[in-house]
Number of protein chains: 2
Amino acid sequence: MILSTKGRYGLKMIFQLALSYEKGTMSLKDIANKLDLSDTYLEQLMSQLKKAGLVNSIRGAQGGYELSREPSLITVGEVIRPLEGSLAPSECVGGEETECSKADYCATRLIWEKIMVGIDNVIDGITLQDMINDYDKLNEKEKGDNKNG
Amino acid sequence: MILSTKGRYGLKMIFQLALSYEKGTMSLKDIANKLDLSDTYLEQLMSQLKKAGLVNSIRGAQGGYELSREPSLITVGEVIRPLEGSLAPSECVGGEETECSKADYCATRLIWEKIMVGIDNVIDGITLQDMINDYDKLNEKEKGDNKNG
DNA sequence: TTCATATCCTAGTTATATAGTAGGAATTAA
DNA sequence: TTAATTCCTACTATATAACTAGGATATGAA
């Protein structure tokens, strides 16, 4: 399991906001109920997403959260990184500083870099809108299957 | 850091064996000294690699380890997986059993699958021989740099 | 035969990270 | 005023990571 519940729950959570984009705010309690997850835990994750500028919040009664911009402008990578930290496979790649003195001739370092690029290409290339489209397609198919079955 | 020291040290370790392929066995102590890592820790990792059939061992004095087949026939994925377990980003993908009842219409599941395929494509596409070639190239360049600098 | 050098194997141990809980302050619509 | 909500800090239990310890077993060389 290379991702913790932070990244996994976090993406599920913001996906709920994406589904209800421009339909008003959604409270954490509602999200937690819908996903059947602890609301106090999701609260911490949401606070990270807010810090990252991905969601707006409205306090007080009838308050809640909403996406700060449209789903097509938020990538999966933007959601996962603030929650999981770097998705680097090793400490010698992807950080601000490359401390390892052997970097110039390290063979494994090249591998870690390729893995990281592979992951980045996936998560930076998918937006929340893409997820919605896939979800709609799946549900459409699901309906059809039920009809035929 | 999506990989633990198991996968990271393990690959470094077997890479040493790849470098000395067909030059006799190499003891764990030598490998540990070369990499400046704990030999008792590496021992556990090596035992996994042996179970996975990647290395042969010779016990007793003058004994040690060697690759069980040539470097071009061992992929990075074959090395990392026995050490790290599944590289799935979530429990609902990559396992033998897909337990999640929501799999049919889960939008995040598609993301985890894509990430996993991305990683697999990288690590299953690189052999130890590729690593050696890259390493030789780096060292060649290093020498040149030193000459010119 | 003995001994130093190795692998092999099982169990600890310690430190860190994960996955939460708890409790209350601040804010706001009704 | 009150109920609903976000915001914030701190605490806790559990699991995992990253080793360490100690001894059994095997083997080449003196």
Side-chain angles (χ1 to χ4, degrees), chain A residues 1-14 17 24-33 35-68 80 82-91, chain B residues 1-14 17 24-68 80 82-87 89-91:
Chain A
M1 226 61 58
I2 65 172
L3 291 183
S4 70
T5 56
K6 290 174 196 163
R8 305 209 305 273
Y9 294 0
L11 187 60
K12 279 174 190 286
M13 192 168 62
I14 205 169
L17 294 185
T25 63
M26 205 173 171
S27 77
L28 250 177
K29 221 177 176 181
D30 286 348
I31 296 174
N33 283 342
L35 298 176
D36 199 23
L37 296 171
S38 150
D39 56 338
T40 55
Y41 186 46
L42 291 188
E43 195 183 305
Q44 291 177 45
L45 309 184
M46 191 66 94
S47 123
Q48 293 296 109
L49 297 183
K50 197 191 170 186
K51 261 189 203 161
L54 301 174
V55 302
N56 297 328
S57 63
I58 294 168
R59 299 180 71 169
Q62 263 57 44
Y65 295 93
E66 63 188 359
L67 291 192
S68 66
I80 292 181
L83 295 169
E84 292 285 342
S86 169
L87 289 183
S90 178
E91 70 281 343
Chain B
M1 227 63 58
I2 64 171
L3 291 183
S4 71
T5 56
K6 290 174 196 164
R8 305 208 306 271
Y9 294 0
L11 186 61
K12 281 174 190 284
M13 191 165 66
I14 205 169
L17 294 185
T25 62
M26 203 173 173
S27 76
L28 250 177
K29 219 178 177 179
D30 287 348
I31 296 174
N33 284 342
K34 201 148 197 174
L35 298 176
D36 198 25
L37 296 172
S38 151
D39 57 339
T40 55
Y41 186 47
L42 290 189
E43 194 184 307
Q44 291 178 42
L45 309 185
M46 192 65 94
S47 123
Q48 293 295 108
L49 297 182
K50 195 187 171 192
K51 261 188 205 161
L54 301 174
V55 302
N56 296 329
S57 63
I58 295 170
R59 297 180 71 167
Q62 266 58 43
Y65 295 93
E66 64 188 359
L67 291 192
S68 66
I80 292 182
L83 296 168
E84 293 284 343
S86 169
L87 290 182
S90 179
E91 69 282 343

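So you know, we letter chains A, B, ... as the sequences are listed, proteins then strands, and number each from 1.
- The side chain of A/Lys6 places no N or O atom within less than 4.0 Å of a non-bridging phosphate oxygen (OP1 or OP2) of C/dA19.
- Nucleotide C/dT18 holds its P atom 18 Å from the CG atom of A/Leu37, rounded to whole Å.
- With contacts defined as side-chain heavy-atom distances shorter than 4.5 Å, the pair A/Leu3/A/Leu87 qualifies.
- Residues B/Leu49 and B/Tyr65 are not in side-chain contact: their nearest non-hydrogen atoms beyond the backbone lie 4.5 Å or more apart.
- When rounded to the nearest whole Å, the span between CD1 of B/Ile2 and C1' of D/dA17 equals 16 Å.
- Dashed line: the shortest gap from a side-chain N or O of A/Ser4 to OP1 or OP2 of C/dA19 is under 4.0 Å.
- The interatomic distance linking B/Leu83 (CG) with D/dA18 (C1') rounds to 14 Å, in whole Å.
- Contact annotation: B/Tyr65 side-chain N/O to C/dC8 OP1/OP2 distance is under 4.0 Å.
- A/Tyr9 has a side-chain polar atom (N or O) that falls below the 4.0 Å cut-off from OP1 or OP2 of C/dG20.
- Comparing A/Gly60 and B/Gly63, the nucleotide of DNA chain C nearest to each residue sits closer to the 5' end for B/Gly63.
- By the 4.5 Å heavy-atom criterion applied to side chains, A/Met13 and A/Leu37 are not counted as neighbours.
- Nucleotide C/dA19 holds its P atom 10 Å from the CG atom of A/Leu3, rounded to whole Å.
- The interatomic distance linking A/Lys12 (NZ) with C/dA19 (C1') rounds to 16 Å, in whole Å.
- Look at B/Ser57 and you'll find a side-chain N or O under 4.0 angstrom from OP1 or OP2 of C/dC8.
- Considering every non-hydrogen atom in both B/Leu17 and B/Met46, the closest pair reads CD1-CE, 4.0 Å.
- No donor-acceptor pair under 3.5 Å is formed between the side chain of B/Glu91 and the backbone N or O of A/Met1.
- In this structure, the side chains of B/Met26 and B/Lys34 come closer than 4.5 Å at one or more pairs of heavy atoms.
- Applying a 4.0 Å cut-off to non-hydrogen atoms, the residues of residues 38-55 of chain A that approach DNA chain C are A/Ser38, A/Thr40, A/Tyr41, A/Gln44, listed by residue number.
- Of all heavy-atom pairs spanning B/Pro82 and B/Ala52, the tightest one is CG-CB, 3.9 Å.
- Distances shown here put a side-chain N or O of A/Thr5 below 4.0 Å from the OP1 or OP2 atom of C/dA19.
- For a distance-only test at 3.5 Å, the side chain of A/Arg59 qualifies as a donor-acceptor partner of the base of D/dT6.
- Counting any heavy atom pair closer than 4.0 Å across all strands shown, A/Lys29 reaches no nucleic acid atom.
- In this structure, A/Ile58 places its CD1 atom 11 Å from C1' of D/dT6, rounding to the nearest Å.
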